[in-house]
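Data first, discussion second: the structure below is written as structure tokens.
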Amino acid sequence: MALSRVERFVVLLLRLVSRACLAVLGLLPAPAPPRAASPAPARAVPPPRSALLLLPARELARRLRLRQVKCVEVVETYIERIREVNPLINAVVKDRFEDALQEARQVDRLLAEGRIDDSLEKYPFLGVPFTVKEAFSLHGMPNTSGLVKRRCVIANTDAIVVGRMKQAGAIPLGVTNCSELCMWFESSNNVYGRTSNPYNLQHIAGGSSGGEGSVLAAACSVIGVGSDIGGSIRMPAFFNGVFGHKPTTGVVPNDGQFPIAQGVRRSFLCTGPMCRYAEDLEPMLRVMAGPEVHKLKLDENVSLEKIKFLCMDHDGGSMFVYPVEKEILQAQKKVVEHLESDLGVQVQRVSIHKMKYSFQIWSAMMSSQDSDGTEAQCFTELLGDHGKPVWPLWELLKWLVGMSSHTLPAIALGLTERVMKLSPSINAKLVSMGKSLQAEMETLLGPDGVLLYPPHPTVAPRHHYPICMPFNFAYTAIFNVLGLPVTQCPLGLSSEGLPLGIQLVAASYNDRLTLAVARYLEEAFGGWVPPGKA
């Protein structure tokens with residue numbers, strides 16, 4: 001699909017603006033060095049010291065049931081870790097430590113009295129601490145999604161997935177930061193401020209589930225609840241070197257989060273698990289999916305040698321997106337080589353032409369009508385939060401003089417949304433292309449296929465830099481509108497000490513394939529690496 005003259009002009013303009021912004025950011029003076037009497041500022045969070053912080057959730061649950069460790073001790077250890085590093089990363093924006101300790105004492109009491117069944121089936125996460133993205137309702141916790149107008153909103157119920165995790169025995173420690181209205185890939189807002197990457201505090205944690213990614217990587221939590229409409233689970237998982245899974249569309253309920261998707265976006269928004277250890281993804285998915293989990297056939301055995309592995313190094317050269325960095329490509333190449341040498345499989349290289357238009361397809365499908373004619377809610381209406389829609393140009397002027405309550409990325413998204421609606425005929429063609437791509441991908445992957453694909457063109461960028469590369473999220477976003485399951489898997493650290501990783505993509509309802517490959521790659525490449533060791 002050739003670009004129109006208007007589109008080519010817009011792309012050229014965006015590239016010039018992007019390069020200008022990067023140049024300006026590069027010219028900004030570095031922070032003044034501290035005085036000799038002051039300690040040097042931390043570059044990364046200190047590594048976790050307690051062995052309890054290095055156990056998968058399943059292993060913690062097992063030890064708690066066998067009474068090898070007390071639940072209070074586990075919860076106290078995580079609370080101590082949060083208090084140690086959260087001032088550096090600003091990931092947990094509201095805690096419930098006293099309630100968590102009270103619930104831990106109750107778990108210890110029930111176990112001591114033998115009043116809980118020894119099997120893991122009913123309470124698979126009994127006594128295990130977890131964290132929740134602030135966009136989800138957690139009773140007694142704020143539920144603002146980073147919107148200043150909602151700063152007084154306190155949840156009086158639990159989101160369905162949060163309730164299911166609590167029913168499975170897990171103990172929530174608090175809620176974590178996100179971007180404003182969960183629509184940007186740096187978790188920064190005017191309610192809670194900015195979250196940092198635990199591997200390098202000068203870099204972003206991603207978004208919109210960036211607080212979850214950061215808190216997990218920093219060993220302040222072992223499992224967490226995230227959501228994903230354009231890569232909001234997978235980008236933070238990649239940038240922070242942890243695991244994240246975007247399930248097949250429609251399997252895990254999205255109810256109880258703000259903003260709730262309307263129209264076609266109900267099919268694009270996915271709630272899913274985030275964790276430090278691959279073995280925790282499947283049990284979390286089982287709990288979160290509830291009765292719908294049967295659609296995924298997770299009990300079926302997966303033979304890695306029989307998987308049809310496909311590999312694609314980049315999107316084909318989109319004009320909107322940066323080229324994929326060399327180290328990310330090298331990490332993916334190592335995966336291919338390991339699969340071929342260890343499993344004896346032949347990884348097939350593919351080139352899917354329509355992936356070149358990922359950003360345009362995602363944008364068009366996000367603003368398209370549902371089958372019953374329902375239109376998706378405008379982002380400017382969401383910014384108004386049931387009041388008058390926000391006028392983005394006016395908000396931009398206010399922002400320039402420090403008077404807007406909204407972040408620059410949110411204002412920019414409102415402006416972009418207006419521009420996208422100026423070309424209905426082009427949007428219709430892109431929606432058609434998206435549906436064609438969906439059918440192509442389902443056929444290509446089939447019942448036994450897994451695609452290896454980069455999660456992002458770059459490793460975690462420095463703070464503020466995403467505004468200069470705003471469409472790089474297309475590498476994750478395309479799979480939301482295609483409805484495919486994707487697991488984000490860490491692959492060690494770059495030469496800069498920032499996490500590398502890969503996306504594992506399968507056909508609808510074949511989540512078990514990507515989860516199995518993630519467990520395999522964790523064993524082969526080491527999975528999560530504790531920050532601060534260098």
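Worth knowing before you read on, the calculation uses all heavy atoms, side chains too, and leaves out hydrogens, waters and symmetry mates.
Arg512 contributes atom CZ, which lies 8.5 Å from atom CG of Leu296 (distance to the nearest 0.5 angstrom). Here the CE-OG distance, from Met183 to Ser232, works out to 7.5 Å after rounding to the nearest 0.5 Å. Rounding to the nearest 0.5 Å gives a distance of 14.0 Å between CD of Gln360 and NZ of Lys354. The OH atom of Tyr509 sits 11.0 Å away from atom CG of Leu484, with the distance rounded to the nearest 0.5 Å. Considering CE of Met235 and CG of Asn472, their distance stands at 9.5 Å, rounded to 0.5 Å. For the atom pair NE2 (His463) and CG (Asn197), the distance works out to 8.0 Å, reported to the nearest 0.5 Å.
When all heavy atoms are compared, the tightest approach of Leu285 to Pro247 is CD1-CG, 3.9 Å. Between Ile204 and Ala460 the shortest heavy-atom distance is O-CB, 3.7 Å. Pairing each heavy atom of Val128 with each of Leu60, the nearest pair is CG2-CB, 4.2 Å. The two atoms that bring Met469 and Pro461 nearest to each other are SD-CB, 4.4 Å, heavy atoms only. Val450 and Ile307 make their closest contact through CG2-CG2, 3.8 Å (heavy atoms, listed as atom of the first residue, atom of the second, distance). Smallest separation of non-hydrogen atoms from His245 and Pro485: CE1-CB, 4.2 Å.
Test Asn177, Asn143, Thr144 against Glu134 for side-chain hydrogen bond (donor to acceptor under 3.5 Å, both in side chains) and you get one pass: Thr144.
Using bins of under 30°, 30° to 60° and over 60° for the plane-to-plane angle, the ring pair His338/Tyr520 lands in the tilted bin. The aromatic rings of His456 and Phe238 lie tilted to each other, with the angle between the two planes from 30° to 60°.
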Original post:
So Gln257 and Thr271, side-chain hydrogen bond (donor to acceptor under 3.5 Å, both in side chains) or not? Walk me through it.
Top reply: CA-CA 10 Å; Gln257 60 182 296; Thr271 297; 3.0 Å; yes
Set out, in order, the CA-CA distance, both residues' side-chain angles and the distance that settles salt bridge (Lys or Arg N to Asp or Glu O under 4.0 Å) for Glu282 and Arg286, then state yes or no. CA-CA 6 Å; Glu282 184 181 312; Arg286 287 178 183 272; 2.9 Å; yes
Start with the C-alpha distance between Thr407 and Asn189, add both sets of side-chain angles, then the distance that settles side-chain hydrogen bond (donor to acceptor under 3.5 Å, both in side chains), and finish with yes or no. CA-CA 6 Å; Thr407 57; Asn189 58 69; over 6 Å; no
- Item | Chi angles and distances behind the side chain to side chain contact (heavy atoms under 4.5 Å, CB included) call for Met433, Lys429 | CA-CA 6 Å; Met433 182 185 290; Lys429 291 179 181 178; over 6 Å; no
Go through the steps to decide whether Phe309 and Leu343 satisfy the test side chain to side chain contact (heavy atoms under 4.5 Å, CB included), and finish with yes or no.
CA-CA 11 Å; Phe309 285 99; Leu343 297 179; 4.2 Å; yes
*asked:* Does Ser227 form a side-chain hydrogen bond (donor to acceptor under 3.5 Å, both in side chains) with Lys133? I'd like the steps, not just the answer.
replied: CA-CA 8 Å; Ser227 59; Lys133 183 179 182 177; 2.8 Å; yes
Evaluate Leu138 against Lys166 for side chain to side chain contact (heavy atoms under 4.5 Å, CB included), listing each step before the verdict.
CA-CA 10 Å; Leu138 171 57; Lys166 290 167 75 172; 4.2 Å; yes
Note to self: Assess the residue pair Asn254 and Ile260 against the criterion (side chain to side chain contact (heavy atoms under 4.5 Å, CB included)); give the C-alpha distance rounded to whole Å, side-chain angles, the decisive distance to 0.1 Å, and a yes or no.
What the structure shows: CA-CA 7 Å; Asn254 295 315; Ile260 188 63; 4.3 Å; yes
- Message: Test side-chain hydrogen bond (donor to acceptor under 3.5 Å, both in side chains) on Ser145 and Glu180; report intermediate values, then the result.
- Response: CA-CA 6 Å; Ser145 287; Glu180 186 174 8; over 6 Å; no
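Between the side chain of Asn240 and the backbone N or O of Pro236, at least one donor-acceptor pair lies under 3.5 Å. Side-chain N or O atoms of Glu212 include one that pairs as donor or acceptor with a backbone N or O of Val132 at under 3.5 Å. No donor-acceptor pair closer than 3.5 Å links the side chain of Arg150 to the backbone N or O of Phe258. Within the 3.5 Å criterion, the main-chain N or O of Ala217 finds a donor-acceptor partner in the side chain of Trp528. No side-chain donor-acceptor contact under 3.5 Å links Arg276 to the backbone of Ile223. Remark: the backbone N or O of Leu269 is not paired with any side-chain donor or acceptor of Lys246 at under 3.5 angstrom. For the pair Ser432 (side chain) and Ala428 (backbone), a donor-acceptor distance under 3.5 Å is absent. Judged by distance alone, the side chain of Tyr199 and the main-chain N or O of Val529 form a donor-acceptor pair under 3.5 Å. At least one donor-acceptor pair closer than 3.5 Å links the side chain of Gln332 to the backbone N or O of Met312. Put simply, the side chain of Arg519 never gets that close to the backbone of Glu279: no donor and acceptor are under 3.5 Å apart.
Separation of the Tyr475 and Tyr453 ring centroids falls under the 6.0 Å cut-off. In this structure, Trp362 has its ring center closer than 6.0 angstrom to the ring center of Phe473. Ring pair His203/Tyr465: centre-to-centre distance not below 6.0 Å.
When only modelled atom types and interatomic distance are considered, Thr487 and Thr514 share a side-chain donor-acceptor pair under 3.5 Å.
Ion pairing between Lys334 and Glu337 fails under the 4.0 Å rule for side-chain N and carboxylate O. With respect to the salt-bridge test (charged N to carboxylate O, under 4.0 angstrom), the residues Arg234 and Asp228 qualify. The residues Arg62 and Glu59 are annotated as salt-bridged, a charged nitrogen and a carboxylate oxygen being separated by less than 4.0 angstrom. Between Asp370 and Arg266 there is a salt bridge, since at least one side-chain N of the basic residue sits less than 4.0 Å from a carboxylate O of the acidic one.
Every residue meeting the side-chain contact (heavy atoms from CB on, under 4.5 Å) condition with Asp255, not counting sequence neighbours, appears here in chain and number order: Ile160, Pro253. Applying the ring-ring contact (aromatic ring centres under 6.0 Å, His included) test to Phe359 and every residue at least two apart in sequence or in another chain returns Phe320, Phe471.
Inter-residue side-chain proximity for Ile229 and Cys270 is flagged as unmet; no heavy-atom pair is nearer than 4.5 Å. You'll find the side chain of Val225 reaches within 4.5 Å of the side chain of Met165, heavy atoms only.
Around CD of Glu305, the count of heavy atoms belonging to other residues, nucleotides or ligands within 6.0 Å exceeds 12.
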